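Worksheet for the structure shown next.
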There are 2 protein chains.
Amino acid sequence: MFDPVCPSGLTPIRFGDKWYGMIIRCLEHGPRRFSELRVPLRGISAKVLTRSLRALERDGMITRTAYPGPVQRVEYDLTPLGRSLLEPMAAACAWAEKHWEELLDAREAAGHPR
Amino acid sequence: MFDPVCPSGLTPIRFGDKWYGMIIRCLEHGPRRFSELRVPLRGISAKVLTRSLRALERDGMITRTAYPGPVQRVEYDLTPLGRSLLEPMAAACAWAEKHWEELLDAREAAGHPR
DNA sequence: CTAACCGGTATCCCGGCGGTAACCACGTCA
DNA sequence: TGACGTGGTTACCGCCGGGATACCGGTTAG
């Protein structure tokens, strides 16, 4: 998921900052903990992940819940608003799937290394 | 069109660089000349517009046609690929129209100045 | 006691985006 | 002859996003 060559990271369509969209997709199937998010988002630093999560929280896209147990445990989950973003994101992904090769070919033809 | 307060410039959804998407929308209803593009895109500098246009051209989104008449005349037009981007952009705009207020409210509630 | 895990924060660095300003070639007009 | 419009290019500069690294407080496992 989200390997460096994945087209989803290369579409001209972006949601918020670099990770905003990917984080939302990671939360699509239920809440995730901080460290669970770092796995699929290969290479994200803790700082950047924290910042993106804070931004998403500020925008009402996700909730942050710290469980008071003895072990530190924080879960992030999508709000209805965040979930509603999945729809246009799906449209963007559909576009990318259909037209990604075209875009790549155009770049190659323009002399840009693939 | 595209005044600084327009939500379209503030959605978390972005297409390419800052202007990529707006340029495509400007070309939606037919070809436009360089200077015609600078009008709706208030405040864009020639440098940035040129760079964005080159990027769009490189990606096969638009064509650049210089007419050989006595006066210098260059027109930019959407390719089918560029036109196909209008679809997910419409989805993004629909989302923004529906949920923009929600996002704003969330930011305000988070103590962020509106 | 020590190490590791969790969920971060603090600091530094770098590259790229975006903006300003100056300049330029070409052609037209007065 | 000079000013002006068109469609740029170039140099410079500031800011911010993103990455790497180090550290930290609390808890638990060995």
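Worth saying up front: this structure is predicted, and the values here are computed from it rather than measured. Reckoned from all heavy atoms, side chains included, excluding hydrogens, waters and symmetry mates. In what follows, every chain begins at residue 1, and chains take the letters A, B, ... in the order their sequences are listed.
Of the candidates dG8(D), dT27(D), dG8(C), dG8(D) carries the atom nearest the R54(B) side chain, counting heavy atoms from C-beta on. Checking dC6(C), dG8(D), dT6(D) against every side-chain atom of R33(A), the shortest atom distance belongs to dC6(C).
dG7(C) atom C1' lies 15 Å from atom OH of Y67(A), rounded to whole Å. For the pair E36(A) CD and dG8(C) C1', the computed distance is 16 Å after rounding to whole Å. For the pair L53(B) CG and dT6(D) C1', the interatomic distance rounds to 14 Å; values are reported in whole Å. Here the P atom of nucleotide dG7(D) and the CD1 atom of I44(B) are 15 Å apart, to the nearest Å. Note: CZ (R73(B)) to P (dT28(C)) measures 15 Å, nearest angstrom. Atoms CG (L41(B)) and C1' (dG7(D)) sit 16 Å apart, rounded to a whole Å. The nearest whole Å value for the distance from the CD atom in E75(B) to the C1' atom in dG7(D) is 14 Å. One can place CD of E57(B) at 13 Å from C1' of dG8(D), the figure rounded to the nearest angstrom.
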All N/O donor-acceptor pairs, side-chain side in residues 43-53 of chain B, below 3.5 Å, sequence neighbours left out:
unit_1	atom_1	unit_2	atom_2	d
S45(B)	OG	V48(B)	N	3.3
T50(B)	OG1	A46(B)	O	2.7
S52(B)	OG	D17(B)	OD2	3.0
S52(B)	OG	V48(B)	O	3.1

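Of the inter-residue distances, the one linking E57(A) atom CD with T79(A) atom OG1 reads 10.5 Å to the nearest 0.5 angstrom.
Side-chain nitrogen and oxygen atoms of R42(A) include none within less than 4.0 Å of the OP1 or OP2 phosphate oxygen of dG19(D). For Y20(A) and dG17(D), the shortest distance from a side-chain N or O to OP1 or OP2 is not below 4.0 Å.
Each of A46(A) and S35(B) has a nearest nucleotide on DNA chain D; the 5'-most of these lies closest to S35(B).
At most 12 non-hydrogen atoms from other residues, nucleotides or ligands lie less than 6.0 angstrom from CD of E97(A).
Across all their heavy atoms, R42(B) and W19(B) have their closest contact at O-CH2, 4.0 Å. Residues A91(A) and A91(B) share a closest heavy-atom pair of CB-CB, 3.8 Å.
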List, with names and distances, any nitrogen or oxygen atoms from the protein found under 3.5 Å away from nitrogen or oxygen atoms belonging to nucleotides 11-18 of chain C.
unit_1	atom_1	unit_2	atom_2	d
dG18(C)	OP1	K18(B)	N	2.9

Between protein and nucleic acid, restricted to nucleotides 24-26 of chain D and to nitrogen or oxygen atoms under 3.5 Å apart, what atom pairs and distances do you find?
unit_1	atom_1	unit_2	atom_2	d
dG25(D)	N2	Q72(A)	OE1	3.2

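By the side-chain hydrogen bond (donor to acceptor under 3.5 Å, both in side chains) test, E102(A) pairs with H99(A), sequence neighbours left out. Partners of R64(A) under the side-chain hydrogen bond (donor to acceptor under 3.5 Å, both in side chains) rule, at least two apart in sequence or in another chain, are Y76(A).
Across all strands shown, R64(A) has heavy atoms under 4.0 Å from sugar-phosphate atoms exclusively, and none from any base.
Judged by distance alone, the side chain of E36(A) and the main-chain N or O of R33(A) form a donor-acceptor pair under 3.5 Å.
Residue pairs meeting the salt bridge (Lys or Arg N to Asp or Glu O under 4.0 Å) criterion with at least one partner in residues 75-87 of chain A, sequence neighbours excluded, are R73(A)-E75(A).
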